[in-house]
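Chain A is the first sequence line, chain B the second, and so forth, proteins listed ahead of strands; every chain is numbered from 1. What's counted below: heavy atoms across the whole structure, side chains too, no hydrogens, waters or symmetry copies. Fair warning: this is a prediction, and the values are worked out from it, not measured in the lab.
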Amino acid sequence: MKSKSSKFKIPLTPSQRKAICHVEGPLLVIAGPGSGKTAVITYRIAALIDLGISPHNICAITFTNKAAEEMRQRTRALGTAPGSHISTFHSLCVRILRRYADRAGIKPNFSIYNDSDQSRCIKRAVKECDLDTTNFPPARMLDAVSTRLKNNLIDVDAFKAQADDYFTKNLARIYDRYQHILADHNALDFDDLLAKTAFLLRDCSDVCSELSNRFKFLLIDEYQDTNRAQYIIARALASEHKNICATGDPDQSIYRWRGADIRNILAFEKDWPDATVVKLEENFRSTPNILEAADKLIANNRKRKQKTLIPTKPAGEDIAVTFFEDENDEAQGVVRRIKQLTEQGASLNDIAVFYRVNAQSRALEEAFIREKIIYQVVRGVEFYNRKEIRDLLAYLKVLVNPDDEIALLRIINTPARGIGKTTIDRVRAYAVQNKVSFFEALSKAEDIDSLAKAAQAKLAVFINMLGQFKKDIEGEVAPLAQRVLVESGLEKSLKDEGDEGENALENINELINAASQYDQHTEQPSLLDYLQQIALFSDTDAYDAAAGRVALMTLHAAKGLEFENVFIVGVEHGLLPHERSTVNEDLSELEEERRLLFVGITRAKSQLHISHARYRTIRGQQLRTIPSQFLYELGPTFTDQTDEDQDFDDDTEQTETPNSSFSIQDSKFKKGQLVRHKTFGRGIVKKFVDMGENSIVEVEFSSGRTKSLMLKYANLSKV
DNA sequence: TCAGGAATGCTTTTT
DNA sequence: GCATTCCTGA
């Protein structure tokens, strides 16, 4: 085995070699950022195949499609025989569910519902339960159903059994109703893909052992971000042979809000007592300067396994922390710096800007456009959320799955063909009364007495048109999409719209191009497969590393990537850490925000620029900001540099200087302390973040508003 | 039936 | 600030 590793192009460390050459039994690889983790996984796949193991028996699971694609390419580049299964958890589940649909109690042609489809369904569920959307806000109900219940594999019956108070009982009803709606639509949401698979593996031991026997070697990446359902699936698939290799880094767990359970990786050794554990601590990516900052920051997390980042690169430039006036100045400053970098020979491919929330991209984009620097916003799903794209896709979805009522209602009168609300209501009434699906009722329009003759005729034309399309459902996708575009009248209605319609048509053409790419690159293209695939696209999948553009993305999307030069903007209290993570006492949410910044910092290879601004416009309101506590945690060497090109208004500076009467006794506030503020009046301290002279107090004022204030500026007096 | 404007809600991160 | 829903009048 040892001699085999010589075929790999890079010199390996002893731990890397150990991980690559490990064959049988459970293996946990704790891999710090930049430790060559992806290389280790791909080399290990190659090494297994070299040992004579069939690629068919290897299954690697990644977090994003992008990562899966990269892994496929890298194994291919090593000259490895193809045939191993490399995909995301969700894609794997789709495959399994399609193949064992009857065992899972579903139909194979199911639709996959995204979050907007989900929210429509949950709204309907709340209404059908005769509950008020103010007391039962759909968004929160969905979060409860999705993150708390489905991701934890609590099914409707189990939850009903444990529901004992008014709220929970009603939540159980909503959950029940919601699942019924999805089932009626022959649709699964993202959580169902995982949950149904987990239940299938649990309840059908023959399916479980069949799959477990096929996937004799299981590799799971980003194990720190698996949720309960994914954990159960992994355990089931490895149950026969126990050849499970999990890789991950607890310090990079950033998906707790989506149900990820960091305990899965922390308890790996308990789950698999004879597990081999390998730690990859050497960092081949970043300069020691960057790693030092990352190390200092993450050391502030209490719930954490001690781990250090061992630099291997020579010292580089210190990280820069810059203070701007507002988000536009910040964007301008970033662009100015990028221009300097390119003048020094940097390629735009090597530069990325990260932010906490998508809305922050706007100021940046404006500056990039103004200064004519080309960029890409890594936000792939946005494309699929455009109205015209969703319209065309809805036609295609209905052809595959006529029970998909969301898609059907979307197209029934798009473009306008005179089928209005009254008609739809009457058809639905008929469907309910006769216990047939909405689509069936539509097909029998002439039997619905309540409908006017004109309405019946319009419905017949519509259904007939769908029937014509359906004849071409097999085979290539692009020609069918083109045909639907023209014959549905969508093209004409967009052409009549003028400029906006032109733009929409261009987008549709882009979609059809993408579909024909799919047709060419897939052995047996089918509309069903195509639709199920694009439903699982994510933002990160849109990133094009060779585009010659600066990449703009959220910190979440940055996971797994690396750049020579990284900018992280808006490092302010309320944004990073995000205010939603600071509302309750629970420190673990704050720790996740810290990990998020840690992920961002460790993407940088040679230069890191962090910035924050004095003012920021949030929801249309310009607010005074507070520097993030994380800035102080990066270490004392990184003091603010005010951007040299700007003029500050001296008057505002004056009024903002720290209060001279500020004294040590006053510098500690406890929760519950009553205070007075000169403009906001009386209030009660909700939270105190002690950072010496940079401490932050959160005060709920008598107006009912809660504000975060920086102690040295707030001028608070104790009451 | 439908267009257009007003009102309302929602606004973190994503497979 | 933006998107969706609601509502009104033609």
Quick one: A:Asp221 CG to B:dT15 C1', roughly how many Å, whole number?
-> 15 Å
Do NZ/NE/NH1/NH2 and the carboxylate oxygens of A:Glu365 and A:Arg362 come within less than 4.0 Å?
-> no
Between the base of B:dT13 and the side chain of A:Arg356, is there a donor-acceptor distance below 3.5 Å?
-> yes
Quick one: the side chain of A:His578 and the base of B:dT12, do they pair up donor-acceptor inside 3.5 Å?
-> no
Against the side chain of A:Thr422, the closest entry in B:dT12, C:dG1, B:dT1 is B:dT1
Before accepting this row, confirm whether a basic side-chain N of the pair A:Glu128/A:Arg124 lies closer than 4.0 Å to the acidic partner's carboxylate O.
-> yes
Which nucleotide in the set B:dT15, B:dT14, C:dC2 lies at the smallest distance from any side-chain heavy atom of A:His556?
-> B:dT14
Phosphate contact (B:dT14 OP1 or OP2) by A:Thr554 side-chain N/O below 4.0 Å | yes
A:Asp115 has an atom CG; how far is it from atom C1' of B:dT13, in whole Å?
-> 12 Å
Separation of B:dT14 atom P from A:Arg580 atom CZ, nearest Å, is 14 Å
Rounded to the nearest Å, what distance is computed from the CG atom of residue A:Leu555 to the P atom of nucleotide B:dT12?
-> 15 Å
Provide, to the nearest angstrom, the distance between the CD atom belonging to A:Gln118 and the P atom belonging to B:dT14.
-> 15 Å
By nearest nucleotide on DNA chain B, pick out whichever of A:Pro137 and A:Ala557 is the more 5' one.
-> A:Pro137
Return the value, rounded to whole Å, for the distance between atom CZ of A:Arg362 and atom C1' of C:dC2.
-> 9 Å
Do A:Trp257 and the base of B:dT13 stack face to face, with centres under 5.5 Å apart and an angle between planes under 30°?
-> yes
More 5' along DNA chain B: A:Lys458 or A:Asn358, using each one's nearest nucleotide?
-> A:Lys458
Just checking A:Phe89: base, sugar-phosphate only, or nothing, at a heavy-atom cut-off of under 4.0 Å?
-> nothing
Closest to the side chain of A:Val357, out of B:dT12, C:dG1, B:dC2, is B:dT12
Taking only side-chain nitrogens and oxygens of A:Thr423, does any of them come within less than 4.0 Å of OP1 or OP2 of B:dT1?
-> yes
Separation of atom NZ in A:Lys123 from atom P in C:dT4, rounded to whole Å | 9 Å
Pair A:Ser119, A:Ser116: side-chain N/O donor-acceptor within cut-off below 3.5 Å | no
Does the pair A:Asp189/A:Lys150 count as a salt bridge with the N-to-O cut at 4.0 Å?
-> yes
Less than 4.0 Å between a side-chain N and a carboxylate O, is that true for A:Arg614 and A:Glu325?
-> yes
Please check the phosphate of B:dC2 (OP1 and OP2 only) for any side-chain N or O of A:Asn413 closer than 4.0 Å.
-> yes
Among B:dT12, B:dT14, B:dT11, the nucleotide that comes nearest once only the side chain of A:Arg258 is considered = B:dT14
If we ignore angles and hydrogens, is there a donor and acceptor under 3.5 Å between the side chains of A:Asn114 and A:Tyr384?
-> no
Which whole number of Å gives the distance between the P atom of C:dT4 and that of B:dT13?
-> 15 Å
Whole angstrom is fine here: how far is it from CD1 in A:Ile618 over to P in B:dT12?
-> 11 Å
